[in-house]
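Everything below concerns the one structure shown next.
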Amino acid sequence: MKLPADFYLREDPCIISKELLGKTLFSRVDDQLCCGIIVETEAYMGPVDRGSHAWNLKRTPRNEIMYSTGGVVYMYICYGIHDMLNVVTGPAETPHAVLIRAVEPVSGIEIMRERRGVINNDFRLCQGPGALAKAFGLQKIHNGLSLQHDTIWIEEGAEVEESRIVTASRVGLNIEEPYKSIPWRYYIKGNKFVSKPRT
DNA sequence: GCGACGATCATCT
DNA sequence: GATGATCGTCGCG
């Protein structure tokens with residue numbers, strides 16, 4: 001069962017980020033079904049977050065979809081190379097989002113290996129937002145798709161106990177304090193599919 | 001296992 | 001013209 005539309009409508013993207021841990025991400029692209037357990041997420045707090053594309057209510061053609069009603073996908077290209085998968089949350093005109101950073105592959109693993117090319121271990125198949133989007137066949141062309149449709153969606157999964165959730169600062173943001181250090185990253189403790197921040 | 005580096009281009013100023 | 005919510009590879013030892 002897909003998560004209900006109102007799951008995404010709550011105001012606080014931190015709550016949603018945390019609750020997305022353990023849920024199951026699906027994609028059906030080129031008629032190939034892939035799914036995996038979400039193990040790492042980051043919240044982007046729209047207007048009050050220097051790290052967000054919607055900082056200070058900035059509005060451009062690229063981030064326009066962040067202003068729509070929660071429950072759609074925001075995809076964009078980073079470093080000219082990598083597609084990033086975000087879930088838009090909150091009511092309309094509230095440009096919050098959750099970045100899906102890593103997934104533990106469950107099925108469609110052969111497809112993921114093909115899309116990713118030769119890599120020497122499966123822990124890295126969907127480890128990091130760029131890798132995950134590539135493994136699931138997701139690109140900027142999917143920007144704006146509803147999670148209630150059948151290309152990209154999220155279903156229930158196993159409960160993740162509070163004690164297994166780690167809260168940490170976000171990865172890869174070259175911004176000033178305090179935004180750089182605010183703990184808006186969530187991941188499952190000890191899970192080998194979680195990405196490793198570089199220095 | 002770890003740090004350095006280059007790839008590569010849409011987007012915004 | 002500068003920048004970036006990244007990643008794979010290379011050299012090291």
Side-chain angles (χ1 to χ4, degrees), chain A residues 8 12-14 16-18 20-21 25 36 38-68 70 72-90 94-105 112-144 152 154 166-187 190 192-199:
Chain A
Y8 305 102
D12 186 354
C14 297
I16 298 173
S17 296
K18 209 188 241 192
L20 279 174
L21 297 178
L25 174 70
I38 298 173
V39 298
E40 181 182 5
T41 59
E42 283 178 2
Y44 285 85
M45 291 287 273
V48 299
D49 178 3
R50 194 56 224 267
S52 169
H53 291 167
W55 158 245
N56 208 18
L57 287 178
K58 181 171 165 180
R59 196 161 182 155
T60 67
R62 177 177 68 162
N63 73 5
E64 180 61 32
I65 202 70
M66 296 181 81
Y67 289 82
S68 59
V72 299
V73 153
Y74 171 43
M75 297 210 61
Y76 71 97
I77 294 180
C78 188
Y79 291 98
I81 305 173
H82 305 291
D83 296 276
M84 301 284 173
L85 170 65
N86 296 258
V87 172
V88 174
T89 69
T94 308
H96 297 322
V98 175
L99 172 69
I100 312 293
R101 284 194 58 86
V103 159
E104 175 174 339
M112 296 184 194
R113 290 197 190 106
E114 273 176 40
R115 287 178 177 145
R116 293 274 285 129
V118 180
I119 58 171
N120 46 15
N121 85 57
D122 282 354
F123 290 128
R124 292 168 49 191
L125 269 182
C126 304
Q127 188 177 72
L132 138 65
K134 189 168 183 189
F136 275 69
L138 303 175
Q139 305 176 68
K140 205 188 76 168
I141 54 169
H142 299 110
N143 187 49
I152 311 173
I154 301 174
V166 181
T167 302
S169 55
R170 294 176 295 180
V171 177
L173 293 174
N174 196 16
I175 54 179
E176 75 272 22
E177 300 294 354
Y179 306 99
K180 192 178 172 64
S181 300
I182 299 178
W184 279 337
R185 174 176 177 233
Y186 303 88
Y187 62 90
K192 293 209 161 68
F193 298 85
V194 171
S195 74
K196 313 218 181 347
R198 312 195 180 195
T199 49

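Per chain, numbering begins at 1; letters A, B, ... match sequence-line order.
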Report task. Just call it for A/Lys58: base, sugar-phosphate, or nothing, with non-hydrogen atoms closer than 4.0 Å on any strand. Result -> sugar-phosphate

Query raised in the report: What residues form a ring-ring contact (aromatic ring centres under 6.0 Å, His included) with A/Tyr74, not counting sequence neighbours?
Result: A/His53, A/Tyr76

Report task. Identify, with sequence neighbours excluded, every residue that meets ring-ring contact (aromatic ring centres under 6.0 Å, His included) alongside A/Tyr79. Result -> none

Report summary line: side chain to side chain donor-acceptor pair (under 3.5 Å) with A/Asp122: of A/Lys192, A/Gln127, A/Arg113, A/Arg116, only one passes, and it is A/Arg113

Query raised in the report: Between A/Lys140 (NZ) and B/dA10 (C1'), how many Å, whole number?
Result: 7 Å

Query raised in the report: Which pairs pass salt bridge (charged side-chain N to carboxylate O under 4.0 Å, His left out) with one or both residues in residues 124-141 of chain A, sequence neighbours excluded?
Result: none

**Report entry** Note, A/Trp184 side chain near A/Ser17 side chain (heavy atom, < 4.5 Å)
**Finding:** no

Report task. Check the distance between B/dA7's C1' and A/Asp83's CG and give it to me in whole angstrom. Result -> 15 Å

Report task. May I have the distance from A/Met75 (atom CE) to B/dA10 (atom C1'), rounded to whole angstrom? Result -> 14 Å

Query - DNA chain B base-pair string [pairs: Watson-Crick or G-U under 3.5 Å; |: paired with another strand] - result: |||||||.||||.

Query raised in the report: Considering only heavy atoms from C-beta outward, does the side chain of A/Arg185 approach that of A/Pro197 to under 4.5 Å?
Result: yes

Sequence neighbours left out, cut at 3.5 Å: what donor-acceptor pairs do the side chains of residues 173-182 of chain A make with other protein atoms?
{"unit_1": "A/Glu177", "atom_1": "OE1", "unit_2": "A/Ser181", "atom_2": "N", "d": "3.3"}
{"unit_1": "A/Glu177", "atom_1": "OE1", "unit_2": "A/Ser181", "atom_2": "OG", "d": "2.8"}
{"unit_1": "A/Glu177", "atom_1": "OE2", "unit_2": "A/Ser181", "atom_2": "OG", "d": "2.9"}
{"unit_1": "A/Lys180", "atom_1": "NZ", "unit_2": "A/Leu173", "atom_2": "O", "d": "3.1"}

Query - Contact letters for nucleotides 1-13 of chain C, in which S counts primed atoms plus P, OP1 and OP2 and B counts the base, heavy atoms under 4.0 Å - result: ---BBBBB-----

